[in-house]
Amino acid sequence: MDKAEALGLYQKLYLVRRCEEKIREEYFKDEMKTPVHLGIGGEAISVGVVQALPPAALTFGTYRNHALYLAKTDDVEGFFGELYGRASGRCKGKAGSMHLCYPERGLVATSAVVGTTIPVALGAAMASRYRGRNEVVAAFFGDGATEEGTFWESLNYASLRGLRLLLICEDNELAIHTHVNDRQGHEGLLSAVSGFRCHAERADGSDLPAVLEAARGILRKMEKDPRPGFLHLSYYRFLEHVGPLEDFKFAYRKKPEEKELQRRDPVHRFEQTLAALGARAEEIANVRSKVDERVLKEVAAAQKAPFPEPSELMTDVFV
Amino acid sequence: MDKAEALGLYQKLYLVRRCEEKIREEYFKDEMKTPVHLGIGGEAISVGVVQALPPAALTFGTYRNHALYLAKTDDVEGFFGELYGRASGRCKGKAGSMHLCYPERGLVATSAVVGTTIPVALGAAMASRYRGRNEVVAAFFGDGATEEGTFWESLNYASLRGLRLLLICEDNELAIHTHVNDRQGHEGLLSAVSGFRCHAERADGSDLPAVLEAARGILRKMEKDPRPGFLHLSYYRFLEHVGPLEDFKFAYRKKPEEKELQRRDPVHRFEQTLAALGARAEEIANVRSKVDERVLKEVAAAQKAPFPEPSELMTDVFV
Amino acid sequence: MKRNIQFREALSSALADEMTADPSVFVFGLDVPDHKRIFGSTAGLLEKFGPERVFDTPLSEDAMTGAALGAALAGLRPVHVHIRVDFALLGMNQIINMISNLRYMTGGQIGKLPIVIRAVIGRGWGQSAQHSKSLQGMFAHFPGLKVVMPSSPQDAYSLLRASIRDDNPVIFLEHRWLYDVVGEVDDAHAVPLGLANVRRHGKDITLVCTSWMNVEAHKAADLLARRGVEAEIVDVRSIAPLDAATILKSVRRTGRCIVADYDWSFCGFAAELAAQIHHGCFKELKAPVERVGFAHTPCPTTRPLENLFYPSAKTLVRAAERLLGLDEMDLSQEKFYTYEVNFKGPF
Amino acid sequence: MKRNIQFREALSSALADEMTADPSVFVFGLDVPDHKRIFGSTAGLLEKFGPERVFDTPLSEDAMTGAALGAALAGLRPVHVHIRVDFALLGMNQIINMISNLRYMTGGQIGKLPIVIRAVIGRGWGQSAQHSKSLQGMFAHFPGLKVVMPSSPQDAYSLLRASIRDDNPVIFLEHRWLYDVVGEVDDAHAVPLGLANVRRHGKDITLVCTSWMNVEAHKAADLLARRGVEAEIVDVRSIAPLDAATILKSVRRTGRCIVADYDWSFCGFAAELAAQIHHGCFKELKAPVERVGFAHTPCPTTRPLENLFYPSAKTLVRAAERLLGLDEMDLSQEKFYTYEVNFKGPF
Ligand SMILES: Cc1ncc(C[n+]2csc(CCOP(=O)(O)OP(=O)(O)O)c2C)c(N)n1
Ligand SMILES: Cc1ncc(C[n+]2csc(CCOP(=O)(O)OP(=O)(O)O)c2C)c(N)n1
Ligand SMILES: [Mg+2]
Ligand SMILES: [Mg+2]
C-alpha cells in the first residue's frame with residue numbers, strides 16, 4: 001500500500017468514525033428516533049472489504065451497517081437524512097438506521113433480523129451465475145448470525161453450486177451481551193465451516209491492512225477456484241449493543257486496559273500505518289478536517305430537512 | 001452376538017419387513033388411506049439402534065417410521081389399526097402412517113415435515129439434563145434433513161451444552177428422487193459435522209451387526225464424554241419414495257444387480273449371520289411363521305375394526 | 001389458441017409461455033425437475049429450458065426463499081415452488097420480515113420485487129395435519145404480498161402468467177384436486193390480478209368461494225336449483241388485493257350470503273369477507289352472512305373424520321337452506337364428489 | 001398480597017411465583033438472563049432460580065422453539081421468550097406444524113403440551129417494519145394454540161400464571177408501552193384464560209379492544225364522555241379461545257361497536273371480531289361495526305409516518321363520532337399519549 005492509497009482509505013475510515021461519533025453527540029437530543037447499532041471498533045472491516053471487492057459487487061448487511069453504508073456509497077447526505085427520518089433520507093425515512101441501503105450503489109439491502117440477508121445475497125450470487133457470470137456477491141453479518149440455520153443452508157448451497165458468495169463474519173464475540181462461548185458448540189468458525197467446499201480465511205478486523213490483504217487473498221482464491229469464501233474478521237465492539245454509550249459498567253464484560261483499547265481501535269491503528277508510510281501530521285489533519293466539515297454540514301442539513309409528506313405512508317407497498 | 005440374541009433381533013427385523021410387505025400386498029385395495037413411506041432396505045438401522053439404546057430412551061423419527069415404530073414399541077395392533085384409520089389405531093386414526101407414535105413406549109413423536117423432530121429431541125435431551133440426568137435421547141432422520149438449518153442449530157446447541165443427543169442419519173443418498181450430490185456441498189456428512197464438539201461414527205446400515213456395533217460404540221463414547229453423537233448409517237431404499245412399488249423404471253436411478261440388491265438387503269444379510277452363528281433353517285422358519293401369523297391376525301383385526309366416532313373429530317385439540 | 005386441458009397443464013403452459021417470453025423467469029424448488037414434476041405442473045420445462053432455469057434445491061426452504069428474494073433483487077423473476085404450502089412455513093421469516101416489507105423499507109428504491117411462490121394445498125390421500133394447510137388468509141394479512149387462488153384451468157393459466165408478470169411478490173395457491181379438472185384455456189385471454197369472477201348467476205343467495213369451494217358450490221347450486229333457488233357464485237380468485245366491489249354488488253342484490261373459504265374460518269379470510277360484506281351490505285342483508293370452512297381442529301388422517309373436517313356441497317346446501325328458511329331437501333340419493341373416483345393413493 | 005407495580009414487574013413476579021410453585025417451569029430465550037432482562041420482565045429470576053432454569057440461547061429460534069416442544073413432551077413447562085414477536089416467525093414451522101398439531105395428531109396420547117411463548121410487540125423508538133408486528137390473529141387462526149394479550153398489570157400477572165399452568169400451548173403477547181403502566185396487582189386474584197373483561201361501562205357504544213388499544217380507548221372514552229357519550233370498553237384479553245358471549249352481550253345493549261385491534265385489520269383478528277359481532281348482533285346493530293387498526297402498510301420508521309400508521313385515541317373518537325352521527329369535537333387542545341413523555345431511545 002502506498003501513501004496515496006492509504007490516505008484515501010483513511011478518508012473513508014475516518015468518515016465512518018466521524019459520522020458515528022457525531023451520532024453519539026447528537027443522539028440524546030432525541031431527534032434521531034431510530035435505534036442505532038454503532039460499529040465503533042469495526043470500521044476497518046467494511047472499509048477494507050469494500051475496497052477489495054470489485055466496485056460493482058452487490059453487497060448485503062445487517063442493522064449494524066453504518067460503516068458498510070458509508071464505505072460502499074459515500075452518501076453522507078442520505079445517511080443522516082435517513083437517521084433523522086427526513087424526506088431527504090435515502091429511504092425517505094422509512095428505513096431508519098437498521099435498514100439503510102442504496103441499491104443503485106450496490107448496497108442492496110440490510111436487515112434487522114439476524115442472518116436474513118445471507119440467503120438473499122446467495123440469491124444474488126445465483127442470479128449472476130444464471131447470467132453466466134458468477135460474480136462476487138458479499139454478505140456482511142455478525143458472529144451471532146452463524147448460529148442461525150439459514151447460514152448453514154446458504155453455505156451448503158453456495159458450496160454445492162460453486163457460487164462466488166463472500167461471507168464476511170464480523171466477529172465481536174458478542175451477541176448483544178452474550179459471549180460466543182455461551183452460544184457456539186464448535187472449536188471455532190473456521191474449522192466449523194471447513195467441512196464445506198469453501199475457501200476460509202481469518203484476520204484481525206481491527207487492522208485495516210490485514211483486512212485488505214485477507215479480503216484480496218480470499219477473492220483471488222475464489223476467482224481461481226469458484227467457491228464461496230468465508231472471511232472471519234475479529235474486532236472489538238467499543239460501545240453498547242444498541243445506543244450511543246459505553247457499557248463497561250455491566251458485568252458481562254470488563255473494560256480493557258487503555259493500551260488494549262488502542263490496539264483494537266482501527267482508526268488509531270491505521271494512523272500508525274499512515275505514519276509509517278510517511279504521511280505527515282498535517283496531511284492526516286487535512287483529511288480529518290474535510291471530513292469533519294462535511295459531516296457537520298450534512299447533519300445540519302438533515303436537521304433542517306422536511307419530514308416526508310403524510311401521503312408517503314401509503315406509497316411503496318406495491319409497485 | 002450369540003445365537004439367542006441374534007434370533008431375537010431377527011424376530012424384530014423380520015417383523016418390520018413382514019409388516020411392510022403386507023402393506024405392499026394390501027395397499028391397492030385402497031383401504032389404507034394414508035401415504036406410506038416404506039423403509040424396506042433400512043430396517044436394520046432402527047432395529048439395531050433401538051437394541052443398542054437404553055430401553056427407556058426417548059426416541060423421535062420421521063414419516064419413514066415403520067421400522068422405528070415396530071422396533072421400539074412392538075405394537076403391531078396399533079400399527080395396522082392406525083394405517084387403516086381405525087379407532088384401534090394407536091393414534092385413533094388421526095395420525096396415519098406419517099405420524100405414528102407411542103409416547104408411553106418411548107417413541108415420542110414422528111413428523112412428516114423434514115427435520116422437525118431433531119430440535120424436539122434436543123429439547124427432550126435438555127429436559128433430561130435439567131433433571132440432572134443427561135440421558136440419551138435419539139433422533140432418527142434422513143440424509144435430506146441435514147440440509148435443513150434446524151439440524152445445524154440443534155447440533156450446535158447440543159454440542160455447546162454437552163447433551164447426550166444421538167443423531168441417527170439414515171442415509172439412502174436420496175431425498176425423494178434427488179441424489180445427495182445435487183444437494184450437499186461438503187465432502188461428506190462426517191467431516192461436515194466434525195467441526196462441532198460431537199462424536200461421529202459411520203457404518204453400513206444394511207448390516208445389522210455393524211449397526212449394533214457402531215451404535216454401541218458411539219453410546220459408550222457419549223457415556224464417557226457427554227457430547228452429542230452423530231451416527232451416519234447408509235442404506236439402500238428398495239422402493240419408491242412414497243408408495244408400495246419399485247420405481248427402477250425412472251431415470252433418476254438404475255436397478256442394481258441382483259447380487260448387489262442382496263448385499264443391501266438387511267434381512268437377507270442377517271440370515272447369513274444367523275447361519276454363521278449356527279441357527280438352523282427351521283429355527284429361522286419358526287421365527288418367521290410366528291411373525292407371519294401375527295401380522296396376518298393384526299391386519300385382519302384392523303380391517304374389521306370400527307372407525308372412530310364422528311365426535312372424535314373435535315377431541316384432542318386442547319387438553 | 002384454445003385448448004381443452006387439465007389444470008396441471010394450464011400451469012405448466014403458463015410457466016412455459018412466460019419462460020419463453022422472458023429469459024429472466026426461472027422455476028425452482030424441491031422436486032421441480034424430477035419425473036413427477038410437481039403433479040405434472042412443471043412438466044416439459046426441464047426439456048425445454050434446461051437445468052439452469054428449472055432446478056431442484058436442497059431441503060433448505062428458509063435459504064431458498066431468501067435466495068428467491070435475492071435473485072429478484074438482482075433482476076430475475078423467480079418462481080419458487082412448494083409441493084405443499086405447509087413447507088412455506090419454514091420460509092416465513094423471509095416471506096414476512098423480508099419479502100413483504102423490503103420495497104417499503106427501502107423507500108421504494110427497489111423498483112420491482114417479482115417473486116412468485118407457488119404452493120399446493122388441498123386434500124390428497126390422508127394428508128394429515130402437516131400437509132393440508134391453505135394459509136391464504138395468513139399471507140393476505142401482511143401488506144406487500146399478493147395472494148391468488150385459481151379455480152379453473154383458464155384462471156390457472158392466466159393468473160399464473162399475470163403473477164409472473166407482476167412486479168410484486170405473489171403467493172399462488174393451487175388445490176391438488178383441481179389439477180384434474182379439464183377446461184377450455186384460451187392463451188390469448190388475460191386475467192389481471194385483483195378481480196373476482198361471477199362464475200354463476202343467481203338472484204336468491206350469493207356463495208362467495210375460494211379455490212376448491214367453487215367446485216362444491218357449483219354442485220350445491222345445481223341441487224338448490226332443483227327446488228327453485230338460484231344461487232350466484234362469486235369466485236374470489238384474488239385474495240389480496242381483494243375485489244370487494246364485485247362481491248358486494250352481488251350480495252346487495254341477493255341479500256343473502258354464504259362465504260365458503262377453503263381454510264379455517266377463525267381469523268381467516270372468511271372472517272375478512274364476512275366483515276366486509278356485513279359492513280358494505282348492512283342495509284341489504286336479510287340475514288347474517290354464514291361462514292363455511294374447515295372444522296376448527298387440525299386435519300385428521302382417517303377418511304371418516306377427514307370427510308367431516310372438510311366442507312362440501314352438502315354443507316353448502318344445508319347452510320343455504322337455513323339461510324333461506326327452507327326444509328332440508330333429501331340428499332340421500334345424491335352422488336357427491338369423492339376423491340376415490342378420480343384418484344388412488346399414495347399422495 | 002396487593003401491590004402497586006409496573007406491568008414488567010407483574011410479569012417477572014408471575015414467572016417467579018410459578019417457578020417457585022413448580023420446579024418444572026423454566027424460562028429461556030435470547031437475552032433472558034442478561035442485565036436488561038427483557039425490559040425488566042425477567043428481573044430477579046436468574047438470582048433466585050439459577051442458570052439451569054433461566055438461560056440464554058444461541059440465535060437459533062427454529063431449534064429453540066422445537067426444543068421448547070421437546071422439553072414439554074418430556075414433562076417440563078418451558079417459557080420461551082422473544083424480545084420481539086417478529087423473531088417468532090423463524091419458529092413458525094415448529095409452532096404451526098408441530099406445536100399446534102401434535103396433541104391432535106397423536107390422538108391425544110400426549111396428555112399435556114404446556115408451552116408458553118412470550119413475545120413483545122408494540123412501538124418503540126423507530127422500530128420499523130421488522131420489529132413491530134403483533135400476529136395475534138395469525139396465531140389464533142390455527143387450532144391448538146391459545147393466544148393471550150394482557151393490558152393491565154393485574155392481567156399480566158394473573159394471565160401469565162394461568163398461561164404457565166395451562167396444559168396447552170399459549171402465545172402470550174406483551175405490548176412494550178404497557179411495561180411502564182403501574183397498577184394494583186393482587187397475587188391472590190386469579191384470571192382464567194378465555195374470558196373478556198368489561199373495563200369500563202357505558203351504554204352508547206362498545207369499544208372492543210386488544211392490548212394497547214385499551215389504553216387508547218380509555219382516553220377516547222374520557223373525551224367522548226365530555227359530550228355525553230358513554231362508551232363501554234371490552235378488553236378481549238383472550239384472543240383464542242375467544243369469549244364472544246361477553247362481547248356480544250355488550251354490543252346487543254349498545255347497538256354500536258368499534259373493534260380496535262392492535263394489528264392490521266385485513267384478515268386479522270379485527271375481521272373475526274367484526275364478523276362475529278355482525279353475526280351475533282344482526283338485529284341489534286344500529287350501524288355497521290367499524291374496524292380500527294394499523295394502516296395497511298409495513299410500519300415506517302420516521303415518527304410522522306409512524307404516528308399515522310398507528311391508531312390512537314383520536315382515531316377512536318373520530319370513528320365513534322361517525323358511528324353516532326356526531327360532528328367532530330375539537331381535539332386541538334388535547335394532550336394525547338406520546339411515547340416521548342415516558343421514554344427516550346434507543347429501543
Ligand atoms: C432472528 C433474530 N433474533 C434475535 C434478534 C435480536 N438481536 C438483535 S442483534 C442480536 C445479536 C446479534 O449478534 P451478532 O450477529 O453477533 O451481531 P452484532 O450485534 O454483534 O453485530 C440479537 C440477538 C434479531 N434481531 N433477529
Ligand atoms: C420441510 C420439508 N420440505 C419438503 C418436504 C417434502 N419431502 C418429503 S420427504 C422429502 C425427502 C426427504 O429426504 P430424506 O430426509 O433423505 O429422507 P428419506 O425420504 O430419504 O427417508 C421431501 C423433500 C417435507 N416433507 N418437509
Ligand atoms: Mg457479534
Ligand atoms: Mg434420504
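Labels below follow one simple rule: chain letters A, B, ... track the order of the sequence lines, proteins then strands, and each chain is numbered from 1.
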If I take atom [atom1] from residue [X] and atom [atom2] from residue [Y], how far apart are they, to the nearest 0.5 angstrom?
| X | Y | atom1 | atom2 | value |
| --- | --- | --- | --- | --- |
| C:T301 | B:K33 | OG1 | NZ | 13.0 Å |
| B:D182 | C:T57 | CG | OG1 | 11.0 Å |
| C:H296 | B:L313 | NE2 | CG | 12.0 Å |
| B:H241 | C:D34 | NE2 | CG | 10.0 Å |
| C:D31 | B:I176 | CG | CD1 | 4.0 Å |
| B:E312 | C:T302 | CD | OG1 | 10.5 Å |

Where does [X] contact chain B at under 4.5 Å (heavy atoms): side chain, backbone, both or neither?
| X | answer |
| --- | --- |
| C:E61 | both |
| C:L30 | neither |
| C:F87 | side chain |
| C:D56 | side chain |

For this session: Given side chain to side chain contact (heavy atoms under 4.5 Å, CB included), test C:L305 with B:F307 step by step and report yes or no.
Result: CA-CA 9 Å; C:L305 298 186; B:F307 285 107; over 6 Å; no
In this structure, are over 12 heavy atoms from other groups packed under 6.0 Å from [X] atom [atom1]?
| X | atom1 | value |
| --- | --- | --- |
| C:K219 | NZ | yes |
| B:Q303 | CD | yes |
| C:E334 | CD | yes |
| B:E25 | CD | yes |
| B:R202 | CZ | no |

For this session: Examine distances only and state if a side-chain atom of C:S60 and a backbone atom of B:E147 form a donor-acceptor pair shorter than 3.5 Å.
Result: yes
Quick check on [X] against chain C: is it the side chain, the backbone, both or neither that has a heavy atom closer than 4.5 Å?
| X | answer |
| --- | --- |
| B:E309 | backbone |
| B:S97 | neither |
| B:V114 | side chain |

Exercise. Which of the residues B:G185, B:G85, B:P308, B:A112 is involved in the greatest number of heavy-atom pairs with chain C at under 4.5 angstrom?
Worked result: B:A112
For this session: Evaluate the ring planes of B:H177 and C:H35, with Trp represented by its six-membered ring, and classify them as parallel (under 30°), tilted (30 to 60°) or perpendicular (over 60°).
Result: tilted
Problem set entry | Check: B:P35 and C:Q127 side chains under 4.5 Å, non-hydrogen atoms | yes
For this session: For B:V113 and C:L89, run side chain to side chain contact (heavy atoms under 4.5 Å, CB included): C-alpha distance rounded to whole Å, both residues' side-chain angles, the deciding distance at 0.1 Å, then the answer.
Result: CA-CA 10 Å; B:V113 181; C:L89 291 171; over 6 Å; no
Exercise. What is the minimum heavy-atom distance between C:S128 and B:A95, and which atoms define it?
Worked result: CB-O, 4.2 Å
Seminar exercise, completed: In terms of heavy-atom contacts, B:A145 and C:L59 come closest through N-CD1, 4.5 Å
